[in-house]
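Working notes, structure below.
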Number of protein chains: 2
Amino acid sequence: MAKIQALMSIGAVSKRTGCKIETIRYYERAGLLKPPARSQGGHRHYSEAALKRLTFILRARQLGFSLDRVRTLLALADGEGRTCDEVHQITIRHLQDVRAKQDDLKVMEKVLDEMVSRCADGTLPECPLIEELFEVGPPA
Amino acid sequence: MAKIQALMSIGAVSKRTGCKIETIRYYERAGLLKPPARSQGGHRHYSEAALKRLTFILRARQLGFSLDRVRTLLALADGEGRTCDEVHQITIRHLQDVRAKQDDLKVMEKVLDEMVSRCADGTLPECPLIEELFEVGPPA
DNA sequence: CTTGAATCTGTAGTAACTAAAGATTGTATG
DNA sequence: CATACAATCTTTAGTTACTACAGATTCAAG
């Protein structure tokens with residue numbers, strides 16, 4: 001009673017997901033994708049389920065989850081006892097990380113913007129930008 | 001007519017800059033810091049100028065410049081023909097990168113925030129967060 | 001002079017891939 | 001069926017910016 005499944009080559013999966021072949025193999029090595037069926041010659045053949053799993057990984061990566069967190073997320077999705085609570089926790093924590101990163105970048109942006117405007121045209125022989133970076137004290 | 005200079009050990013430089021010893025040596029290997037003077041026994045001795053240079057690197061890194069860009073910046077600072085213009089260009093480009101990264105993070109934040117609020121309490125047996133990530137179409 | 005802290009070099013590990021070499025397999029066509 | 005060529009295979013090394021050892025010296029204080 002096994003379901004009839006159309007299996008895909010790694011190239012086909014790559015095309016359908018936009019994920020490079022090497023990366024797919026890398027995810028397998030990294031334990032995120034289960035080792036797929038093989039042809040007699042050893043070529044990988046993927047099921048639709050495997051493709052879905054890869055999509056999950058790709059989506060999570062797009063959202064900035066580390067591979068390690070993706071691994072955890074997948075483990076939760078795999079295990080029966082998925083309470084949703086842990087997933088919730090991980091996502092919240094990640095959201096906090098994303099916000100913290102934004103704050104860092106905002107600070108960078110501000111300083112850079114000030115530096116650039118202080119040196120608006122780039123025609124001076126001495127460079128205020130460089131001087132600023134060389135200053136020993138804290139940034140203006 | 002050489003200037004009298006108080007030389008510092010690598011540990012002293014580390015303490016004054018907050019940069020780890022290994023990182024200082026790494027910057028030397030990476031060609032960002034010039035090989036310093038050595039004692040007879042081979043220990044590094046740094047001048048104030050070297051410390052300033054390290055400060056420059058650290059400051060630029062804090063602002064998110066890649067080591068490669070820092071290298072370029074230092075080369076410009078070193079060379080006589082520093083018009084400031086190139087420095088200006090690099091900084092502007094970097095500022096654009098910083099802004100682009102912020103935009104990416106904003107998108108992530110939005111999606112994550114929506115996901116979390118859709119799954120507010122984490123008490124459900126099935127997890128909307130997980131389901132969402134498994135969806136094959138584009139994210140909501 | 002002796003100890004203990006500091007430093008030395010060199011290698012390997014981290015994250016998340018990417019690339020390339022060289023061998024093998026799969027498949028389309030004559 | 002033969003053959004050519006594309007696709008895939010494994011393994012290894014490169015990337016970025018460090019960090020962390022191990023084992024050998026060297027420095028500085030008492």
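Chain A is the first sequence line, chain B the second, and so forth, proteins listed ahead of strands; every chain is numbered from 1. Heavy-atom basis, side chains included; hydrogens, waters and symmetry copies ignored. All of these numbers come straight from a predicted model, not from anything done at the bench.
Taking atom CE of residue A/M8 and atom P of nucleotide C/dT27, one finds them 15 Å apart after rounding to whole Å. Rounded to a whole Å, the CD atom of B/E28 is 13 Å from the C1' atom of C/dT7. Nucleotide D/dT26 holds its C1' atom 4 Å from the NE2 atom of B/H43, rounded to whole Å. The CD atom of B/Q40 sits 17 Å away from the P atom of D/dT25 (whole-angstrom rounding). Following rounding to the nearest Å, B/E22 (CD) and D/dA22 (P) show an atom-to-atom distance of 13 Å. Between the CG atom of A/L58 and the C1' atom of C/dC17 there is a distance of 13 Å, rounded to whole Å. We find that CD1 of B/I10 is positioned 14 Å from C1' of D/dT26, with the value rounded to whole Å. To the nearest angstrom, P of C/dT7 lies 5 Å from CD1 of B/I21.
Distances shorter than 4.0 Å separate some side-chain N or O of A/S39 from OP1 or OP2 on C/dG26.
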Determine all donor-acceptor pairs shorter than 3.5 Å in which one atom belongs to a side chain in residues 24-38 of chain B; sequence neighbours excluded.
unit_1: B/E28; atom_1: OE1; unit_2: B/R44; atom_2: NE; d: 2.7
unit_1: B/R38; atom_1: NH1; unit_2: B/G42; atom_2: O; d: 2.7

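Looking only at distances, no side-chain donor or acceptor of B/T91 sits under 3.5 Å from a matching main-chain atom of A/V116.
Remark: A/D104 does not engage B/K101 in a salt bridge, criterion side-chain N to carboxylate O under 4.0 Å.
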Discussion item. Walk along nucleotides 10-18 of chain D from 5' to 3' and tag each nucleotide B, S or - by protein heavy-atom contact under 4.0 Å, base first, then sugar-phosphate.
Written reply: B------BB

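Of all non-hydrogen atoms in A/V70 and A/A60, the two that sit nearest each other are CG2-CB, 3.8 Å.
With sequence neighbours left out, A/Y46 forms a ring-ring contact (aromatic ring centres under 6.0 Å, His included) with no residue at all.
Between B/E109 and A/Q102, the side chains place a donor N or O and an acceptor N or O closer than 3.5 Å (distance only, hydrogens not considered).
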